[in-house]
*Asks:* 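Questions regarding the structure given below will be posed in turn.
In what follows, chains are A, B, ... by sequence order, proteins preceding strands, each numbered from 1. Model, not experiment: these values are computed from the prediction.
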Protein chains: 2
Amino acid sequence: MSGEAQRTRAPSIRDVARLAGVSHQTVSRVLNHHPSIRPETKQRVLDVMAELQYKPNRAARALVTSRSRIIGILSASSTQYGPASSIAAIETAARASGYWISTANLESTDAASIADALAHLAAQSIEGLVVIAPQVRVLETLAKMSIDVPFVTLQSTGDEPVRTLSVDQIAGARLATRHLIELGHRNIYHLAGPQDWIEAEARMRGFLDEMSAQDVPTTAPILGDWTADFGYYAGRELLTVRDFTAIFASNDQMALGLMHAVRDAGLDVPGDVSIIGFDDVPEAAHFWPPLTTVRQDFAELGRRCVALLLGDIDPAVVEHHSTIVPELIVRGSTGRPSF
Amino acid sequence: MSGEAQRTRAPSIRDVARLAGVSHQTVSRVLNHHPSIRPETKQRVLDVMAELQYKPNRAARALVTSRSRIIGILSASSTQYGPASSIAAIETAARASGYWISTANLESTDAASIADALAHLAAQSIEGLVVIAPQVRVLETLAKMSIDVPFVTLQSTGDEPVRTLSVDQIAGARLATRHLIELGHRNIYHLAGPQDWIEAEARMRGFLDEMSAQDVPTTAPILGDWTADFGYYAGRELLTVRDFTAIFASNDQMALGLMHAVRDAGLDVPGDVSIIGFDDVPEAAHFWPPLTTVRQDFAELGRRCVALLLGDIDPAVVEHHSTIVPELIVRGSTGRPSF
DNA sequence: TTTCGGCATGTTCACGGTCACACACGCCGC
DNA sequence: GCGGCGTGTGTGACCGTGAACATGCCGAAA
C-alpha cells in the first residue's frame with residue numbers, strides 16, 4: 001500500500017474493469033444501478049472499486065451526459081441572516097439529492113454585475129438557478145436575459161410571471177400591523193426597506209392593506225436600507241415630530257436602530273413608542289426590550305426551493321406551490337399606547 | 001436566427017472552426033491565447049464565436065486537463081455574520097481569478113458528517129479547500145483524512161501544522177482584556193465560546209495571557225455556545241453571585257444576551273457591569289448600550305485566503321502568511337467600575 | 001425442434017475539448 | 001543552394017464515461 005509520492009493517474013472504470021475481469025461498460029452499469037447485472041458480478045466490481053478507491057470522474061460524466069448536476073445560486077446580501085439561512089438549507093437539500101451548489105454573489109445590482117454573475121454560473125452549465133436577490137431590478141434584468149434553465153426566485157410579491165416561492169410577506173406584514181392596531185395604536189409609521197426590494201414592497205403593501213382594512217389613516221412609509229444605522233437615523237428624524245405611537249420596521253435590524261434612537265431621545269419602548277420588526281433574527285429576543293417581530297422560516301424556504309427546482313429538472317419529483325405562513329412573535333417592544 | 005424551440009446541441013469548437021474556415025485546433029488556440037495566431041485569423045474566429053454565442057464546455061475542458069477550477073468551502077455555521085462575510089469575499093475573489101466556489105455545510109461536527117461533506121467536495125475534484133469550520137475536532141478529522149489538495153483553514157491558534165490564515169484572535173482578546181483592566185476592573189469574567197472551537201480557545205488564551213501579564217487574578221472562564229440565549233442564561237447565573245465588575249464575552253451575540261440579563265436583574269451596563277464583545281457585527285453599535293467590541297475584518301480574511309490558495313495551486317501567485325490585526329472599538333458598554 | 005424474447009455482457013462510438021506531433025512556408029547564415 | 005529555425009496551422013489521439021447496438025445464452029412458447 002506504499003503509494004509512492006509519484007503522482008499517478010486516478011483509477012478509471014477501465015482499471016476497475018480490468019481487475020474485475022469485466023468490460024468497462026459493466027462497471028458503468030454497476031455505477032448507474034442498471035438492473036441487469038448478476039449479483040456476483042456486481043459484487044466483484046464493487047470490491048475492486050473499494051480496493052482501488054475508485055471515484056467516478058464527474059467531468060467525464062458531465063461531458064457525456066451533458067448534465068452538470070449543479071444548481072446555481074445568485075444572491076445578494078448573502079451575509080444577512082435570512083439569505084444565509086436559506087442558502088445553507090438549499091445546500092443541504094441539494095446535496096441530499098446528489099446535486100452541487102455553486103454560488104455567485106452580486107456586488108451591486110447594476111445590469112453588468114448581474115450579467116457577470118450569471119455568466120459565471122452559466123459557464124458551469126448549471127441545471128437550475130435559485131435567485132436570492134430580491135431586488136426588482138434583478139428580476140427584471142433576469143427576465144431580459146432569458147435564462148435557459150429552470151429557476152426559482154425566493155421572495156416575491158407573488159404576481160410576477162416567474163416561478164417563485166416565498167414566505168407570505170403580505171400576510172406577515174398584516175399580522176404585525178394588526179397587532180399594533182389591536183393594541184390601540186392609531187398613529188403608526190412604517191419604516192420600509194429599499195424601494196426596489198420585492199419583500200420591502202410586499203411588506204409595505206401588507207401594512208397599507210391592513211391599515212385601510214381597519215380604517216386607520218396612514219402616513220407615507222419611510223424608505224430605508226435595511227441597516228440598523230438607517231433605523232437609528234430615521235428614528236432621530238421622526239422623533240423631532242413625535243406624532244406617532246408605534247412604528248412597524250420592515251426588518252429587525254432597522255427596528256433595533258429605531259429603539260436605539262428612541263432611547264437616545266429619552267423615551268421608552270414600549271411606554272412611549274411601540275416597535276415591531278420582521279424576520280426574527282436569533283438575537284431579537286435579547287434586544288432591549290426584546291423585540292416583537294414576525295418570524296420567517298428561511299430554512300424551510302430553502303428546502304422547498306430545492307424540491308421545486310428538482311421537480312422542474314426531473315419531473316419525477318413534484319412539489320406544489322405553497323407559500324410559507326409567517327408567525328407573529330410577541331415580545332416586549334410593543335404595548336398599549338399611552339395618551 | 002429563429003431559434004426554433006427545438007433543443008439543439010450547443011456549438012462546439014468544431015462548429016466554430018467550420019464556419020471560420022480553420023481547424024478546431026486553431027479555435028482552441030484562440031481560446032487559450034496562444035501567441036502564434038495571425039491577428040486576422042484570430043479575429044475571424046472571435047467573430048464566429050460571437051455569432052454562434054459559443055461557450056466553452058467546462059466539463060470537456062476539465063476532463064482533458066484534469067483541472068476543475070473549483071475551490072471547495074467546508075463550513076460550519078455559515079449563517080453567522082463572520083463566516084458568511086468570509087464566504088462572500090472568497091467567492092468574489094475566486095471568481096475574479098476564474099475559479100468557482102462550491103460549498104458544503106456541516107450539519108454536525110461528528111466524523112461522519114465531515115467525511116460526507118468532504119466526499120461531496122472531493123467528488124467534484126476540487127483544486128483547493130477552504131475550511132471555515134473552526135472546531136478543533138474538524139481539523140483533527142481533516143488531518144486524519146489526508147486531504148490531497150492544498151487547503152487553508154480560516155481561524156486558528158497559529159501553531160497547528162496546517163496552513164492557516166487568521167485574524168490574530170489572541171491579540172484581539174488581549175486588546176479587549178487590557179481595555180477592561182485599564183478602566184480599573186479587577187474582577188473580570190470571561191464568557192468563552194465552545195471548548196472545541198479554535199477561536200474560542202485563542203480568545204480565552206488571549207484573555208488569560210493579558211490577565212496574568214497585568215497581574216490580575218483570574219477566575220475560570222465559562223464555556224458558552226456563541227448564542228445570545230446562552231449569554232442571557234449565563235448572565236442570570238453569574239448575577240446570583242455578583243463578584244465581578246466586568247465580563248469579556250467571546251462574541252457579540254453572547255455579550256448581547258449578557259446585557260439582557262444584567263438589565264433584567266435591575267442593574268446597569270456599564271454602571272454596574274461593563275461588558276465587551278468580539279466580532280463587531282453591524283448591529284453592535286445599536287445594542288443597548290452600544291457594544292464595545294473587537295472588530296475583525298472577515299472580508300479581508302476571505303480575500304487573503306483565496307490569494308494563499310491560488311498561490312498553492314498556481315505557484316506564479318505568491319502570498320505571505322500574514323495575520324490580520326483586529327481593532328478595539330470602544331462604545332458605551334464599558335466604563336470605570338463603581339465601588 | 002425451432003423461434004423468440006429477455007437477460008447479462010461486450011464492442012464501438014460519441015461527447016468537446018487539449019496535447020503532441022507534423023507540415024508548409026519564409027528567412028537567415030554558411 | 002541547402003539546412004535549420006521560427007511562425008502559423010492542421011491531423012489524429014486521448015481524457016473517462018455512457019448510449020446504442022451486437023452477441024451469446026437460456027427458457028418458454030409454437
Side-chain angles (χ1 to χ4, degrees), chain A residues 7-46 48-49 52-70 98 100 122-127 314, chain B residues 7-46 48-49 52-70 98 100 122-127 314:
Chain A
R7 205 85 184 75
T8 175
R9 223 178 77 272
S12 76
I13 49 170
R14 290 187 151 85
D15 298 317
V16 174
R18 195 170 343 101
L19 259 80
V22 296
S23 74
H24 79 267
Q25 179 60 9
T26 298
V27 177
S28 172
R29 290 193 178 101
V30 170
L31 278 177
N32 295 290
H33 308 103
H34 187 102
S36 304
I37 296 253
R38 248 191 316 160
E40 62 247 47
T41 310
K42 179 172 182 175
Q43 192 54 52
R44 192 149 30 95
V45 170
L46 288 174
V48 175
M49 281 181 180
L52 257 43
Q53 294 189 277
Y54 166 79
K55 280 188 321 189
N57 180 316
R58 203 167 70 94
R61 181 175 285 179
L63 176 60
V64 72
T65 59
S66 28
R67 295 203 45 183
S68 66
R69 298 192 78 85
I70 297 178
W100 285 275
Q124 314 184 69
S125 318
I126 54 171
E127 291 187 35
D314 173 2
Chain B
R7 206 84 182 75
T8 177
R9 221 179 77 273
S12 77
I13 48 169
R14 290 180 157 88
D15 298 317
V16 174
R18 195 169 346 100
L19 260 79
V22 296
S23 74
H24 66 103
Q25 178 59 10
T26 299
V27 178
S28 173
R29 288 193 179 102
V30 171
L31 278 178
N32 295 290
H33 308 104
H34 187 102
S36 302
I37 295 252
R38 245 190 318 158
E40 62 249 44
T41 310
K42 179 171 182 174
Q43 193 52 53
R44 192 148 31 97
V45 170
L46 288 174
V48 175
M49 282 181 178
L52 256 44
Q53 293 189 277
Y54 166 79
K55 280 188 321 190
N57 181 316
R58 203 167 70 94
R61 181 175 285 174
L63 174 60
V64 70
T65 58
S66 28
R67 294 203 47 185
S68 66
R69 298 192 79 85
I70 297 178
W100 285 275
Q124 315 183 69
S125 317
I126 53 171
E127 290 188 37
D314 174 2

*Asks:* So if I define the base as every atom that isn't primed, P, OP1 or OP2, how would nucleotides 7-17 of chain C read as a B/S/- string at a heavy-atom cutoff under 4.0 Å?
*Replies:* -SBBBB-BBBB
*Asks:* Do any N or O atoms from the side chain of A:Thr41 and from the backbone of A:Ile37 form a donor-acceptor pair under 3.5 angstrom?
*Replies:* no
*Asks:* Through what angle, rounded to 10 degrees, does the axis of the helix from C:dT1-D:dA30 to C:dC30-D:dG1 turn between its ends, using five pairs per end?
*Replies:* 50°
*Asks:* Looking at B:Arg14 and B:His24, would you say the former's side chain and the latter's main chain have a donor-acceptor pair under 3.5 Å?
*Replies:* no
*Asks:* Rounded to whole angstrom units, what separation is found between the CD atom of B:Glu40 and the C1' atom of D:dT9?
*Replies:* 13 Å
*Asks:* What closest approach, in Å, do B:Glu127 and B:Arg67 show between heavy atoms, and which atom pair accounts for it?
*Replies:* OE1-NH2, 2.8 Å
*Asks:* Is the count of non-hydrogen atoms from other residues, nucleotides or ligands lying under 6.0 Å from B:Gln53 atom CD greater than 12?
*Replies:* no
*Asks:* Main chain of A:Ser36, side chain of A:Arg29: is a donor-acceptor contact present, judged purely on distance under 3.5 Å?
*Replies:* no
*Asks:* Carefully, step by step, assess A:Leu31 and A:Met49 under the rule side chain to side chain contact (heavy atoms under 4.5 Å, CB included).
*Replies:* CA-CA 10 Å; A:Leu31 278 177; A:Met49 281 181 180; 3.7 Å; yes
*Asks:* Are any non-hydrogen side-chain atoms of A:Arg58 and B:Ile70 less than 4.5 angstrom apart?
*Replies:* yes
*Asks:* Is B:Ser125 reaching over with its side chain to a backbone N or O of B:Ser68, donor-acceptor style, under 3.5 angstrom?
*Replies:* no
